[in-house]
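Notes follow the structure.
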Amino acid sequence: MTAKEVLDVAQTLYEKHRATSYPRTDSQYLPLTIWKDEARGILNALSGIDEMSDLGPKADPQLRSPAWDDSKVTDHHGIIPTSEFKASKLIAMSSQERAVFMLIARSFLAQFFPNFRYRAISADILCMEEHFKATGRQTVDVGWKVVHGETAENEEGETNQSIPEMARGDQVQAKGGELNPKRTSPPPAFTDGTLVQAMENIHRFVTDEAVKKKLRENSGIGTPATRGDVIENLVKRSKFLDRRGKVVRQSPALPTVLSTSPSW
């Protein structure tokens, strides 16, 4: 889905279905009044969804994650399911509406699960007067990641190589090694999602320190309500950008003098 499509669907969930809160916000924090007065009821409603029938009852409404912070809530709080939501409302949702709702619901549900915990491991090895270092980690508790489908097994698969149990002074044997030629990869092409993030943090793409400071003090290019439209206008009207599947690139028809970044 494009950024505009996501915003349009979120607007429908808010206005038509009354299933989620105000969508035109970039806040990631929630007011304590919702945690005290509404969270338990929302969790009960989410437990009625087939995909969450196992996870919902395991949520602990007494847990309070760092997302609950009145001091960081501005005009609008983060997007969450509303107290008006009922599992029966999913029947009236389209596939896209249901997909976006489930992302919002899982993010909310995760706030009531324990922290993800792991043991960080590193090994420093001396071989032929050269120092080598290996790092890895062992999952202790998947915690909130279980809400997003993670398990201890597949979570480990995304981390660094595993390291066996070792102690200081253990002897190791170097069985071999090889030197592989590598090339520096270009920055990945933008997608709608990463382009929105770049618009929010446009100062990262500026080298002039004075300009960077000024841009950092602002909220980037556009607002949560307009960034999707900005991208669509650049793609459809001015042809500055070219969307191919998920990828958004600078249009090849543009003269090179308009290129501002190799990743565009």
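For this chain, numbers begin at 1 and follow the sequence in order. Treat the numbers as computed from the prediction; the structure is a model and nothing was measured.
- A donor-acceptor contact shorter than 3.5 Å links the side chain of Asp60 to the backbone of Gln62.
- The distance from the OG atom of Ser27 to the CG atom of Asp69 is 9.5 Å, given to the nearest 0.5 Å.
- Glu5 contributes atom CD, which lies 5.5 Å from atom CD of Gln96 (distance to the nearest 0.5 angstrom).
- Under the 4.5 Å side-chain contact rule for hydrophobic residues, Met199 and Val247 do not share a cluster.
- Side-chain contact between Val248 and Asp242: absent, with no pair of heavy atoms (C-beta onward) separated by less than 4.5 Å.
- Side chain of Lys212 to backbone of Val206: a donor-acceptor contact under 3.5 angstrom is found.
- The main-chain N or O of Leu103 is found under 3.5 Å from a side-chain atom of Ser107 such that the two form a donor-acceptor pair.
- Follow the hydrophobic side-chain contacts under 4.5 Å out from Trp144 and you never reach Leu63; the two are in separate clusters.
- Side chain of Thr139 to main chain of Tyr118: no donor-acceptor pair is present (N/O by atom type, distance under 3.5 Å, no hydrogens or angles).
- Asn115 contributes no side-chain N or O that, together with a main-chain N or O of Arg117, makes up a donor-acceptor pair within less than 3.5 Å.
- Note on Phe85: it does not cluster hydrophobically with Tyr22, by side-chain heavy-atom contacts below 4.5 Å among ILVMFWY residues.
- Using bins of under 30°, 30° to 60° and over 60° for the plane-to-plane angle, the ring pair Phe108/Trp68 lands in the perpendicular bin.
- Not one N or O on the side chain of Lys145 forms a donor-acceptor pair closer than 3.5 Å with the backbone of Phe116.
- Closest of all the heavy-atom pairs between Ala92 and Glu97 is O-OE1, 4.1 Å.
- Looking only at side-chain heavy atoms (C-beta outward), Ile125 and Lys133 stay at 4.5 Å or farther from each other.
- The shortest heavy-atom contact between Gly220 and Ile202 is CA-CG2, 4.1 Å.
- For Ser47 (side chain) and Leu43 (main-chain N/O), a donor-acceptor pair under 3.5 Å exists by modelled atom type.
- The CG atom of Leu195 sits 6.5 Å away from the CG atom of Leu241 when rounded to the nearest 0.5 Å.
- Here the closest heavy-atom approach between residue Asp141 and residue Pro114 is recorded as OD2-CG, 4.1 Å.
- Here the side chain of Arg40 pairs no donor or acceptor atom with the backbone of Pro61 at under 3.5 angstrom.
- Summarising the geometry, atom CD belonging to Glu38 is positioned 7.0 Å from atom OG1 belonging to Thr33; distances are rounded to the nearest 0.5 Å.
- Under the 4.5 Å side-chain heavy-atom criterion for Ile, Leu, Val, Met, Phe, Trp and Tyr, Leu32 and Ile42 are members of the same hydrophobic cluster.
- In this structure, the side chains of His17 and Glu84 stay at 4.5 Å or more apart for every pair of heavy atoms.
- The pair Lys4-Asp192 does not meet the salt-bridge criterion, since no charged nitrogen lies less than 4.0 angstrom from a carboxylate oxygen.
- The backbone N or O of Gln197 sits less than 3.5 Å from a side-chain atom of Asn201, completing a donor-acceptor pair.
- Taking the side chain as every heavy atom from C-beta outward, Pro23 and Leu13 never approach each other to under 4.5 Å.
- Closest of all the heavy-atom pairs between Leu7 and Ala225 is CD2-O, 3.6 Å.
- Residues His131 and Asp124 fail the side-chain proximity criterion, which asks for heavy atoms closer than 4.5 Å.
- The heavy-atom pair separating Ala110 from Val147 by the smallest distance is CA-CG2, 4.0 Å.
- Between Arg216 and Glu209 there is no salt bridge, since no side-chain nitrogen of the basic residue lies less than 4.0 Å from a carboxylate oxygen of the acidic one.
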Please report the C-alpha distance between His203 and Val211 in whole Å, then the side-chain angles of each, then the deciding distance to 0.1 Å, and finally whether the side-chain contact (heavy atoms from CB on, under 4.5 Å) criterion is met. CA-CA 8 Å; His203 64 274; Val211 176; over 6 Å; no
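- Using a 4.0 Å cut-off between charged side-chain N and carboxylate O, Asp170 and Arg168 make no salt bridge.
- Side chains of Glu51 and Arg98 form a contact here, defined as non-hydrogen atoms less than 4.5 Å apart.
- Closest heavy-atom contact between Thr20 and Thr82: C-CG2, 3.2 Å.
- The residue from Thr25, Ile34, Asp70 that alone fulfils the side chain to side chain contact (heavy atoms under 4.5 Å, CB included) condition with His77 is Ile34.
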Given the rule in the side-chain hydrogen bond (donor to acceptor under 3.5 Å, both in side chains) test, do Arg24 and Gln11 qualify, once you have shown the distances and angles that lead to the verdict? CA-CA 8 Å; Arg24 297 173 183 267; Gln11 191 70 28; 3.1 Å; yes
Test side-chain contact (heavy atoms from CB on, under 4.5 Å) applied to Gln111 and Ile80, step by step: CA-CA 11 Å; Gln111 307 309 313; Ile80 62 172; over 6 Å; no
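- To the nearest 0.5 Å, the span separating CZ on Arg227 from CD1 on Ile221 amounts to 8.5 Å.
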Determine, stepwise, if the pair Lys72 / Gln28 fulfils side-chain contact (heavy atoms from CB on, under 4.5 Å). CA-CA 9 Å; Lys72 295 182 179 179; Gln28 298 186 33; over 6 Å; no
Show your reasoning for whether side-chain contact (heavy atoms from CB on, under 4.5 Å) applies to Ile121 and Arg137. CA-CA 5 Å; Ile121 307 168; Arg137 71 186 190 191; 5.6 Å; no
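- Arg204 has its side chain out of reach of Leu215: every pair of non-hydrogen atoms, C-beta onward, lies at least 4.5 Å apart.
- Hydrophobic clustering places Met102 together with Phe112 (ILVMFWY residues linked when any side-chain heavy atoms are closer than 4.5 Å, directly or through intermediates).
- Ile104 places a side-chain heavy atom less than 4.5 Å from the side chain of Val100.
- In this structure, Tyr14 OH and Arg18 CZ are separated by 6.5 Å, a value rounded to the nearest 0.5 Å.
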